[in-house]
Amino acid sequence: FPITSVLLPIGIIQALISKKRFLAGILVFLNLYMFLIGAHKQVLFNLLLVLSFYFFRKTSSQNLFTNGVILLLSLGLIEFFTFNTFLISNYLTRRIAFVPAILDKYYFDFFELFT
């Protein structure tokens with residue numbers, strides 16, 4: 001959904017910056033609705049990420065989040081070069097990319113039986 005990855009987060013930020021709280025609420029509701037009909041965790045994560053970066057933009061929380069992501073990626077590289085395995089990066093890739101797609105497939109296959 002390019003609308004949930006690009007347009008809605010930009011709209012939410014623009015509405016919050018211009019103090020249009022009602023419009024921001026509608027856009028947050030639309031983002032949550034997109035999560036409910038698609039069930040991709042990325043949509044919900046994007047919303048939480050955008051809101052956290054907006055509300056904590058003047059604190060060190062952004063640095064903490066960025067440093068945490070860099071640390072996690074570095075641990076994956078260290079694990080690969082030390083043990084020649086892909087456990088950390090494999091779990092991240094599988095959980096983010098493959099599990100939501102296969103859950104969608106199972107969902108549509110299950111309800112296709114009833115049509």
Subject >> Check against side chain to side chain contact (heavy atoms under 4.5 Å, CB included), Y54 and I17 >> reply: CA-CA 9 Å; Y54 176 75; I17 288 173; 4.1 Å; yes
**OP:** For the pair L27 and L30, evaluate side chain to side chain contact (heavy atoms under 4.5 Å, CB included) and give the outcome as yes or no after the intermediate values.
**Re:** CA-CA 5 Å; L27 292 173; L30 284 174; 4.2 Å; yes
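Inter-residue side-chain proximity for L47 and I12 is flagged as met; some heavy-atom pair is nearer than 4.5 Å. The shortest distance between side-chain heavy atoms of I10 and I13 does not fall below 4.5 Å.
Linking ILVMFWY residues whenever their side-chain heavy atoms come closer than 4.5 Å, directly or via other members, leaves L71 and F83 in distinct clusters. Under a hydrophobic-cluster definition in which Ile, Leu, Val, Met, Phe, Trp and Tyr are linked whenever side-chain heavy atoms come within less than 4.5 Å, directly or via other members, F86 and L75 are assigned to different clusters. Cluster membership for F22 and L8, using ILVMFWY side-chain heavy atoms within less than 4.5 angstrom, is shared. Linking ILVMFWY residues whenever their side-chain heavy atoms come closer than 4.5 Å, directly or via other members, leaves L16 and F29 in distinct clusters. L44 and I37 fall within a single hydrophobic cluster, where Ile, Leu, Val, Met, Phe, Trp and Tyr are joined by side-chain heavy atoms under 4.5 Å apart, directly or via other members.
Note that the CE atom of M34 and the CG atom of N31 stand 8.0 Å from one another [nearest 0.5 Å]. Taken to the nearest 0.5 Å, the CD1 atom of I88 stands 8.5 Å off from the CD1 atom of I78.
Looking only at distances, no side-chain donor or acceptor of T82 sits under 3.5 Å from a matching main-chain atom of E79.
Looking at L77, V69, I70 one by one, the single match for side chain to side chain contact (heavy atoms under 4.5 Å, CB included) with L73 turns out to be V69.
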